[in-house]
K.L.:
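Encoded as structure tokens, here's the structure I'll be asking about.
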Amino acid sequence: METLDDLFSRLDQLNDIGASLSSERQLERLLEKILLAAKAITRADGGTLYRLSEDGKHLHFEIVRTDSLQIAFGGSAALPASGNFPDLPLYGTDGVANNRMVAAYAAITGKTVNIADAYTAAGFDFSGTRQFDERTGYRSQSFLTVPMKNHEGELIGVLQLINALSPQTGQTVAFSAADQRLAESLASQAAIALTNRQLVQQLEMLFESFIKLINLAIDDKSPYTAGHCQRVPELTMMLADAADATTEGPLADFKLTDKDRYELRIAALLHDCGKITTPVHVVDKATKLQTIYDRIHLIDTRFEVIKRDAEVRKWRSIAEGKEAGEAEAIYRNFCQKCDVDRSILRQANIGSEKMSDADLAHIQRIAGEYRWRDVEGTDAPFLSADELENLSIRTGTLTESEREIINHHIVATIKMLEQLPWPKHLKNVPEYAGGHHERMDGKGYPRGLKREEMSWQARIMGIADIFEALTAKDRPYKEGMKLSQALGILESLKNAKHIDPDLCDVFVKSAIYRRYANEFLSVGQINS
């Protein structure tokens with residue numbers, strides 16, 4: 001017979017278990033803890049934890065344990081329970097309740113079932129249990145099956161324990177009334193912990209779905225930006241994990257909990273959410289003259305217009321007495337020159353290479369050398385001031401004003417994120433997401449923060465953002481860089497105090513770039 005001290009000891013154990021369950025964040029580990037705690041507190045040899053299916057018509061096997069047979073499915077075990085055991089139906093095809101199965105009966109009625117010996121119990125079908133015993137040599141005897149209900153009295157699962165073991169003899173005995181009360185108390189605590197964890201998980205899933213919704217909106221505006229929004233979080237977490245694994249140097253004390261990782265991942269997913277406010281013709285500007293369409297075609301048309309004007313001049317000069325051969329030669333030389341200059345402008349419009357002073361001089365010469373009559377019949381410059389400004393961009397396709405528009409997305413990101421009522425474990429999301437364009441020397445934007453004013457997480461995101469942009473293969477205005485070139489640029493940015501040097505060293509020494517390349521880059525880019 002159980003002593004009072006033993007009972008108090010088990011009550012203390014129950015209290016400790018309740019505290020442990022409430023602090024567990026991982027759902028699978030929580031389910032495993034519930035079953036293991038129930039087995040320990042009732043001294044059961046085996047047990048199964050079922051969860052109610054979403055349609056409310058089946059019980060899923062989640063965790064299965066039998067110590068004496070060394071059987072383990074689900075949780076931390078190598079094999080999942082759900083794939084190795086069929087769902088237990090609560091109702092037949094005719095809609096009749098499946099009261100012959102003890103776990104189903106407990107689920108349907110909401111009542112605990114305490115059976116001293118399954119082989120002699122009446123009213124339930126234990127044929128499957130007998131077959132299992134015949135195959136394994138086991139003797140399934142005492143069963144304690146407890147329904148798990150949440151705070152609203154709704155069934156969420158069933159806890160079934162098998163073969164209580166006597167602490168004195170080690171022999172299988174029936175589950176006592178004290179065992180039943182303890183198991184029911186634990187099931188109640190576990191159901192609340194499980195419900196809370198499921199609610200939190202559902203809220204997290206809902207929140208992440210909203211983030212994906214924002215990225216989907218950006219995707220509809222710009223598929224290039226959406227690819228960036230998907231890849232930067234992956235690279236961010238790779239570098240964060242490598243930094244966490246570092247055991248020496250400035251990063252030796254940098255450690256991330258599961259909560260820290262989740263917070264950083266959310267920040268990485270949201271780091272460019274402000275781009276939803278950026279005009280699409282700037283985000284997707286593939287050529288220097290592109291707005292809603294590429295204006296190079298307007299310039300092509302102007303060349304055709306001035307060539308037609310030259311042809312008119314040719315025929316007019318012949319009519320006025322000029323020698324036909326000479327007039328034709330002047331006309332053809334002019335057309336050839338137009339074709340050469342048109343090619344120069346078309347090449348400059350691509351924006352894939354840095355323009356030299358000689359290239360800029362060509363653009364200026366063309367702008368000043370040609371005139372044309374516009375749609376109003378007025379003599380006008382061949383290139384407008386805006387066209388000349390765009391074609392004179394030295395690198396890339398964006399003017400200074402357009403770069404400011406692009407850069408404004410980070411201001412919009414910070415404003416958007418600071419409007420949200422972040423819970424304690426996500427309070428740093430705005431700082432992490434809003435700092436990925438800052439520089440270690442204080443010359444970044446939008447706040448001009450220096451290295452010591454930034455968290456490690458924000459600095460991690462800065463490197464991830466830059467490396468993804470350098471190697472991205474889906475930009476409309478450039479091909480993805482090869483690894484060797486991107487790593488060279490990263491090294492120069494480190495030396496220029498643009499990015500964090502310690503994190504850059506971890507990025508290279510841990511070969512994060514290679515892991516990322518194998519997953520996201522084309523084979524032709526991997527040359528280092």
Side-chain angles (χ1 to χ4, degrees), residues 218-228 272 274-311 334-410 412 469-470 472-481:
I218 297 173
D219 188 11
D220 280 346
K221 287 180 63 177
S222 169
Y224 317 109
T225 303
H228 175 78
D272 268 351
K275 282 186 177 176
I276 199 169
T277 67
T278 308
V280 66
H281 71 274
V282 178
V283 176
D284 286 357
K285 193 180 180 190
T287 63
K288 294 179 181 179
L289 289 176
Q290 183 173 330
T291 51
I292 302 302
Y293 60 93
D294 193 345
R295 292 175 292 164
I296 193 66
H297 304 301
L298 296 180
I299 295 176
D300 287 342
T301 301
R302 284 178 214 157
F303 273 112
E304 291 303 316
V305 169
I306 63 175
K307 285 162 75 173
R308 298 297 185 276
D309 290 345
E311 186 176 15
F334 180 80
C335 288
Q336 288 174 359
K337 184 173 181 297
C338 285
D339 290 341
V340 171
D341 287 341
R342 178 166 61 178
S343 296
I344 291 173
L345 295 185
R346 293 182 74 87
Q347 181 63 36
N349 186 45
I350 296 173
S352 59
E353 297 179 2
K354 186 175 182 179
M355 292 189 70
S356 65
D357 291 339
D359 295 328
L360 290 174
H362 279 307
I363 304 298
Q364 294 286 344
R365 175 186 61 77
I366 294 170
E369 197 169 292
Y370 296 101
R371 307 285 295 183
W372 77 300
R373 288 191 178 276
D374 60 22
V375 292
E376 297 176 354
T378 304
D379 183 68
F382 189 72
L383 297 177
S384 69
D386 182 71
E387 290 167 343
L388 180 57
E389 179 190 9
N390 278 270
L391 287 169
S392 300
I393 297 169
R394 280 191 177 272
T395 305
T397 63
L398 299 177
T399 64
E400 285 304 312
S401 61
E402 288 167 338
R403 286 189 184 280
E404 289 179 6
I405 292 173
I406 289 287
N407 290 348
H408 180 73
H409 83 272
I410 192 62
L470 292 174
K473 59 185 179 181
D474 55 6
R475 297 294 194 271
Y477 48 82
K478 73 175 188 66
E479 294 182 354
M481 283 186 185

K.L.:
Please report the interatomic distance NZ(Lys354) to CZ(Arg394), rounded to the nearest 0.5 Å.
P.N.:
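Between atom NZ of Lys354 and atom CZ of Arg394 there are 7.0 Å.
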
K.L.:
Answer whether the closest heavy-atom distance between the side chains of His362 and Gln347 falls below 4.5 Å.
P.N.:
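When only atoms from C-beta onward are counted, Gln347 and His362 do not touch, as no gap falls below 4.5 Å.
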
K.L.:
Is there side-chain contact between Glu304 and Arg342, with at least one heavy-atom pair below 4.5 Å?
P.N.:
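Heavy-atom side-chain distance check passes, below 4.5 Å.
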
K.L.:
Dump the intermediate steps for side-chain contact (heavy atoms from CB on, under 4.5 Å) on Arg346 and Ile296, then the final yes or no.
P.N.:
CA-CA 7 Å; Arg346 293 182 74 87; Ile296 193 66; 4.0 Å; yes

K.L.:
How far apart are the closest heavy atoms of Thr397 and Gly351, and which atoms are they?
P.N.:
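Result for this residue pair: CG2-CA, 4.4 Å.
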
K.L.:
Measure the spacing between CD of Glu402 and OG1 of Thr278 and express it to the nearest 0.5 Å.
P.N.:
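So the CD of Glu402 and the OG1 of Thr278 are separated by 12.0 Å.
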
K.L.:
Would you indicate whether the side-chain heavy atoms of Ile299 and Leu391 approach each other to under 4.5 Å?
P.N.:
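Contact flag for Leu391/Ile299 side chains = yes.
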
K.L.:
Indicate yes or no for a side-chain donor-acceptor contact from Lys288 to the backbone of Ile393 under 3.5 Å, with no hydrogens or angles considered.
P.N.:
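Looks like yes, one N/O pair under 3.5 Å.
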
K.L.:
Mind running side-chain contact (heavy atoms from CB on, under 4.5 Å) on Asp272 and His409 for me, showing each step along the way?
P.N.:
CA-CA 7 Å; Asp272 268 351; His409 83 272; 2.9 Å; yes

K.L.:
Could you work out, with side-chain contact (heavy atoms from CB on, under 4.5 Å) as the rule, every residue matching Gln290, not counting sequence neighbours?
P.N.:
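Listed in chain order: Lys285, Ala286, Thr287.
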
K.L.:
Please report the interatomic distance CG(Asp386) to CZ(Arg295), rounded to the nearest 0.5 Å.
P.N.:
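Taking CG in Asp386 and CZ in Arg295, the distance rounds to 4.5 Å.
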
K.L.:
Are Arg302 and Asp374 ion-paired here, with the side-chain N under 4.0 Å from a carboxylate O?
P.N.:
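Here Arg302 does not pair with Asp374 in a salt bridge, since their nearest N and O are not under 4.0 Å apart.
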
K.L.:
Indicate yes or no: at least one non-hydrogen side-chain atom of Gln364 is less than 4.5 angstrom from one of Ser392.
P.N.:
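Yes - at least one pair of side-chain heavy atoms lies under 4.5 Å apart.
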
K.L.:
Once you round to the nearest 0.5 Å, how far does CG of Asp341 lie from CZ of Phe382?
P.N.:
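One finds 8.5 Å between CG of Asp341 and CZ of Phe382.
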
K.L.:
Measuring from Ile344:CD1 to Asn349:CG, what's the distance to the nearest 0.5 Å?
P.N.:
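Ile344 atom CD1 to Asn349 atom CG measures 13.5 Å (nearest 0.5 Å).
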
K.L.:
Using 0.5 Å steps for rounding, measure from the CG atom of Leu298 to the CD atom of Glu387.
P.N.:
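Answer for the CG-CD pair, Leu298 versus Glu387, is 7.0 Å.
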
K.L.:
I'd like to check Phe334 versus Ile306 (side-chain heavy atoms, cut-off strictly below 4.5 Å). Are they in contact?
P.N.:
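Counting from C-beta outward, Phe334 and Ile306 do come under 4.5 Å.
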
